[in-house]
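Along the sequence shown, residues are numbered consecutively beginning with 1.
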Amino acid sequence: MSTLSLSWSFNFIEPDPFCNTTSINNNNDSSMVSSVKSHQKKKPRLVMNSLPMNSTSCVERVVPKFYDKETLKMYSGLLQDCSTKGSLYNGKAVHGKVIISGLNPDSYLWICLVNMYVKCGDLKLAHLVFDEMPDRDVVSFTALIAGYSAAGNGYEGLGLFRQMRSEGIFGNGFAFASALKACSMSLALEFGKQMHGEVVKAGVLGDVFVGSALLDLYAKCGEMELAEGVFFNMPARNVVSWNALLNGYAKIGDGRRVLNLFRKMYESDIRFSKFTLSSVLKGCASLGNAREGQIVHSLAIKTGTELDGILSSSLVDMYSKCGLAEDAQKIFVRVLNPDVVAWSTMIACLDQQGKTLEVTKLFADMGKAGLRPNQYTLASVVSASTNLSELRYGKSVHACIYKSGFDSDKSVSNALITMYMKWGSVQDGFRVFEAMKDRDVISWNAFLSGFHEGDACSQAPIIFNRMVMEGFKPNKYTFISTLRSCSSLSDMSFGQQIHGQIVKNNLQTDDFVGASLVDMYTKCGCLEDAHKVFKIMKERDLFTWTTVISEYAQASQGEKAFECFRQMQQEGVKPNEFTLASCLRGCSTISALESGRQLHSQVTKSGHSCDVFVTSALVDMYGKCGAIEDAEEVFESSESRDIVSWNTMICGYSQNGDGEKSLQTFSSMLDEGIQPNEITFIGVLSACSHVGLVEEGKQHFESIKGVYGIIPTIEHYACMVDILGRAGKLDEVDNFIKKMTIKLNALVWQTVLGACKMHGNVEYGERAAEKLFQLEPETDSTYVLLSNIYAAKGMWGDVKKVRLKMSSQGVKKEPGCSWVEINGEVHTFLSKDGSHPKVKEIYLKLDELHQKLKAAGYVPNTQFVLNKVSEEKKKESLIYHSERLALAFALISKGPAKPIRIFKNLRICGDCHNAMKLLSDVIDRDIIIRDVTRFHHFQNGSCSCRDYW
């Protein structure tokens, strides 16, 4: 046999003069097998129809012309030699000689044939030979099962194992090991568990190969308890079994267990391999533990495997996951001829670190190195392109994907959809999505991500319904994405349906889902539902707290906003600048100055006093609480002032009656190069209205479009109507409205009606009221203002008609009330209110104030009492208006130093305005009253409005 083996090691291309051969048919491999039985019954011939040209010359030279056991042994040896060398060409030649020789192969020769084709990678021919075998045994089955497992076709291997058992053949250790490997390849956990039972019955569980294969199966299927049970019951463990267990824990991300097991392995006599270190590095990566990773790195250096392809990729990945991109790059550049896995790992590393430009450069270098990217490389490059926001580059990557043939890969397609949807290129994303043959829930989620905002968000409910109809089960990211669209649409109805699906899927306790539900309900104005969801959340993060606080503030529920803020702090959640800004706006809505001052102190302590959002909120809070000097101080001390800060200050001055400062601030803003926007001009025009600057107001209105190119909104037109109306120029108001190119709404007509009430214009007031009855018939102020116009003229019959109409429409007048904050508590009063616990003290103080007013020359102006009652009743009703009750309570509750701040839900009447001016001088106190339109600062007998209000 040694001579034969030696001869076979050469390429025998010299034709044998004693052998009459014909040409070869390489494409008819199966004929070689199918003719075995027919040749067995015929006389041996030297004609070979299925063999390569000249391929048998060597066999003819070395094979003797007699056929006995030695001959069979010789052929078996030749086939084994071909198996060892992986020489399919020569193996076929031997097989051909067996066929033409007319030999009746024994079972060993059959097995050698099967094994040769398996080892040479031709499973099709191996299976054909296997099917022709007259007597199949466990060895032949095992050889073919192992071949399919090695080729990655676990399902075929399992099918053969079933066939073996159905033929009554019991497995041995090698058979079970091979079949268990097939189970691992196909993740056939249940079948593997059944095989585990057979392994125990066969008594081969102690075989190290069987144990390792079983362990590998459980580890790959994520059944780590079962895997550990097998591992620790193995009588002997090798490096393969250790690696299988380590890799299993690494795959499920249990880095802590990986490190603990590796320490035990290191302490044992088992010598670890590069695969061991690779799994341990994955464990370090999942933990983000750079220190342990560096220790493993040092072991790789000691064992000389540091720059091995597998290990270098794992090192790059570990340093990347630990946030050490530079260390990852140092490893990568040292690897000689890195393979596609190393390139892909490095590109993914840079992408995860947000180093987009570096990704594009490395991808270009990979192309220059002549390597073809795989799907993982391309998915990372697409992800980087998404952050680059360069549509042209992204489309060029898409073209590269198409040329590389990976356009049908699921992960690449999902990345492309995400990229296009993030860029707002919905049509491109739609095309990729529709072209996918094998979508998963990630594909749907990526597609849904493009429908969160704008006009396109109306498509999100349709897409969600289609996803469910096509049989896909939404996950929490699907629900979060759909809820975001509902928030943008303010579609509470569909949002509630999604909420029902969330409960059915038992995701209502998930914090991210809960946060999205809170956001949806708050954006839809359902704060009660939002609060219910919020209360059942286990972990309420800063974002969720801020969302709830912000929505309470926007809904003018400042008390609840501040209550949530306190609860958030009690739970140990530290506010950020957005939380503080939202809470300050909550104080603004209820004019809670003391609470606002406490927040200002916290802003200073937390180091957020330089934040532009917080600064703007502070200015706004102080301005809306009537503390304009404090607002001015914050504004002047701020280092960076954006357009919002300037607008807040301009509007603050205007609301507090200092129109001149408002206009000066506007000029200063322009001097600093800040371009005004729509809000700026609302403040500027309001300032002109409050101080009666008609001509200057007209100039500013014309400049909105003429100078700054801003299209005037309905609010700007309403401000201009107010400027003209307050000045009594109602004819100009009428002409201005007729020339308006924008559609009129209720705001303009309300402004007109207010001007008619101020100047007693019945005719124009009736026209304005009629328009308002058509536009907003449920608004009470229209009926009240028209009734007051009639009452001021003594037209009591018309007053009665208006009140009857109001009653028939089911409209109720909002009662006038005033409130004052004392020691952090808000006290509210109605006219002639007798419900306050200190009502007696309040009325005594009020009588005292009335006497002081009379002594100062005060005479009640009963024309502001618009009821048909006696003169005495009119005088009495004026004394007990709500703002005077609030003043009396403040005087008995506060010390003498602080200004008194009173807030009113309606416009202050003219008599109370005169009384407050006198009282500010008589009692020597600053009185600040904010009514529904502006602030009045009463000081030393005068008002900041200069009686122009």
Undergrad: Is there a donor-acceptor contact under 3.5 Å from the side chain of T615 to the main chain of D611?
TA: yes
Undergrad: Applying side chain to side chain contact (heavy atoms under 4.5 Å, CB included), run through L542 and K574 and close with a yes or a no.
TA: CA-CA 7 Å; L542 178 60; K574 290 185 178 180; over 6 Å; no
Undergrad: Sequence neighbours excluded, which residues qualify as side chain to side chain donor-acceptor pair (under 3.5 Å) partners of K355?
TA: none
Undergrad: Once you measure the plane-to-plane angle for F613 and F578, does it fall in the parallel (<30°), tilted (30-60°) or perpendicular (>60°) bin?
TA: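 Answer is tilted, since the angle falls between 30° and 60°.
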Undergrad: Using only heavy-atom distances, determine whether the side chains of H700 and S703 contain a donor-acceptor pair under 3.5 Å.
TA: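 No.
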Undergrad: Donor-acceptor check, side chain of S481 to backbone of Y477, threshold 3.5 angstrom: yes or no?
TA: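 The answer is no, because no donor-acceptor pair under 3.5 Å joins these two groups.
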Undergrad: Starting from the C-alpha separation in whole Å, work towards a yes-or-no answer on side chain to side chain donor-acceptor pair (under 3.5 Å) for D642 and S645.
TA: CA-CA 5 Å; D642 62 359; S645 303; 3.0 Å; yes
Undergrad: Looking only at side chains, do S411 and N414 share a donor and an acceptor under 3.5 Å apart?
TA: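 Side chains of S411 and N414: no pair found under 3.5 Å.
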Undergrad: Tell me whether H608 contacts the main-chain N or O of N576 through its side chain, where contact means a donor paired with an acceptor under 3.5 Å.
TA: no
Undergrad: Does the side chain of Q352 pick up a donor-acceptor pair with the side chain of S320 at under 3.5 Å?
TA: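 Q352 vs S320: donor-acceptor pair found between side chains.
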Undergrad: Apply the test side chain to side chain contact (heavy atoms under 4.5 Å, CB included) to residues M520 and I498: give CA-CA distance (whole Å), side-chain angles for both, the deciding distance (0.1 Å), then the verdict.
TA: CA-CA 11 Å; M520 183 275 294; I498 297 296; over 6 Å; no
Undergrad: How many angstroms lie between OG in S314 and OH in Y319, if you round to the nearest 0.5 Å?
TA: 12.5 Å
Undergrad: Answer yes or no: are there more than 12 heavy-atom neighbours, outside Y708 itself, under 6.0 Å from its atom OH?
TA: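 Correct, the count exceeds 12.
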Undergrad: State plainly whether the residues R641 and E672 are in salt-bridge range, i.e. N to O under 4.0 Å.
TA: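 Judged by the 4.0 Å cut-off on N to carboxylate O distance, R641 and E672 do form a salt bridge.
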Undergrad: Is there a donor-acceptor contact under 3.5 Å from the side chain of W343 to the main chain of P338?
TA: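 Yes: the side chain of W343 pairs with the backbone of P338.
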Undergrad: Give, for atom CG of L307 and atom CG of L315, the distance between the pair rounded to the nearest 0.5 Å.
TA: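 Rounded to the nearest 0.5 Å, the CG-CG separation comes out at 8.5 Å.
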Undergrad: Assess, by modelled atom type and distance only, whether the side chains of N243 and S279 contain a donor and an acceptor separated by less than 3.5 Å.
TA: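 No donor-acceptor contact under 3.5 Å links the two side chains.
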Undergrad: Taking the six-membered ring for Trp and the single ring otherwise, decide whether the centroids of F534 and Y521 are under 6.0 Å apart.
TA: no
Undergrad: Does NZ or CZ of R439 come closer than 6.0 Å to the centre of the six-membered ring of F433, within 45° of the ring's axis?
TA: yes
Undergrad: Angle class for the W646/F635 ring planes (parallel below 30°, perpendicular above 60°, tilted otherwise)?
TA: perpendicular
Undergrad: In Å, rounded to the nearest 0.5 Å, how long is the span from CG of D317 to CE of M346?
TA: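 The CG atom of D317 sits 10.5 Å away from the CE atom of M346.
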Undergrad: Can we say E470 and R466 salt-bridge, meaning some charged N sits less than 4.0 Å from an Asp/Glu carboxylate O?
TA: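 Salt bridge present between E470 and R466.
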Undergrad: Parallel, tilted or perpendicular: which one describes the rings of F464 and F479, with boundaries at 30° and 60°?
TA: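 Judged by the thresholds at 30° and 60°, the geometry between F464 and F479 is tilted.
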Undergrad: For N289, what residues pass the side chain to side chain donor-acceptor pair (under 3.5 Å) criterion, not counting sequence neighbours?
TA: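 Listed in chain order: nothing, the list is empty.
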Undergrad: State, to 0.1 Å, how close I710 and P676 come at their nearest heavy-atom pair, and which atoms those are.
TA: CD1-O, 3.6 Å
Undergrad: So, taking the atom named CE in M366 and the one named NZ in K368, what distance separates them when rounded to the nearest 0.5 Å?
TA: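 M366 CE to K368 NZ: 14.0 Å, rounded to 0.5 Å.
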Undergrad: So, E306 versus H297: side-chain donor-acceptor pair below 3.5 Å or not?
TA: yes
Undergrad: For the aromatic rings, using the six-membered ring if either is Trp, is the centroid distance between F447 and F451 under 6.0 Å?
TA: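 Yes, they do, as the ring centres are separated by less than 6.0 Å.
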Undergrad: Could you tell me whether the side chain of S413 and the main chain of S408 form a donor-acceptor pair under 3.5 Å?
TA: no
Undergrad: Assess, by modelled atom type and distance only, whether the side chains of S443 and D440 contain a donor and an acceptor separated by less than 3.5 Å.
TA: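 On atom types as modelled, these side chains qualify, holding a pair under 3.5 Å.
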Undergrad: Using a 3.5 Å distance criterion without hydrogens, assess whether the side chain of S588 forms a donor-acceptor pair with backbone atoms of L584.
TA: yes
Undergrad: Regarding T648 and D620, is there a side-chain donor-to-acceptor distance under 3.5 Å anywhere?
TA: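 Distance-only check fails for T648 and D620.
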Undergrad: Does the D351 side chain pair with the main chain of I347, one donor and one acceptor, at a distance under 3.5 Å?
TA: no
Undergrad: S490 side chain to C486 main-chain N or O, any donor-acceptor pair under 3.5 Å?
TA: no
Undergrad: Could you work out, with side chain to side chain contact (heavy atoms under 4.5 Å, CB included) as the rule, every residue matching I742, not counting sequence neighbours?
TA: I714, Y717, M740
Undergrad: Write down the atom of M421, the atom of G429, and the distance for their closest heavy-atom approach.
TA: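 Result for this residue pair: SD-CA, 3.9 Å.
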Undergrad: Counting only N and O atoms by type, is there a donor-acceptor contact under 3.5 Å from the side chain of S278 to the main-chain atoms of K274?
TA: no
Undergrad: Any carboxylate oxygen within less than 4.0 angstrom of a Lys/Arg side-chain nitrogen, looking at D510 and K538?
TA: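 Salt bridge between D510 and K538, a charged N being under 4.0 Å from a carboxylate O: no.
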Undergrad: Please check if the number of heavy atoms outside D671 that lie under 6.0 Å from its CG is greater than 12.
TA: yes
Undergrad: Any chance the side chains of T547 and D519 put a donor and an acceptor closer than 3.5 Å?
TA: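 Checked: T547/D519 side chains show no N/O donor-acceptor pair below 3.5 Å.
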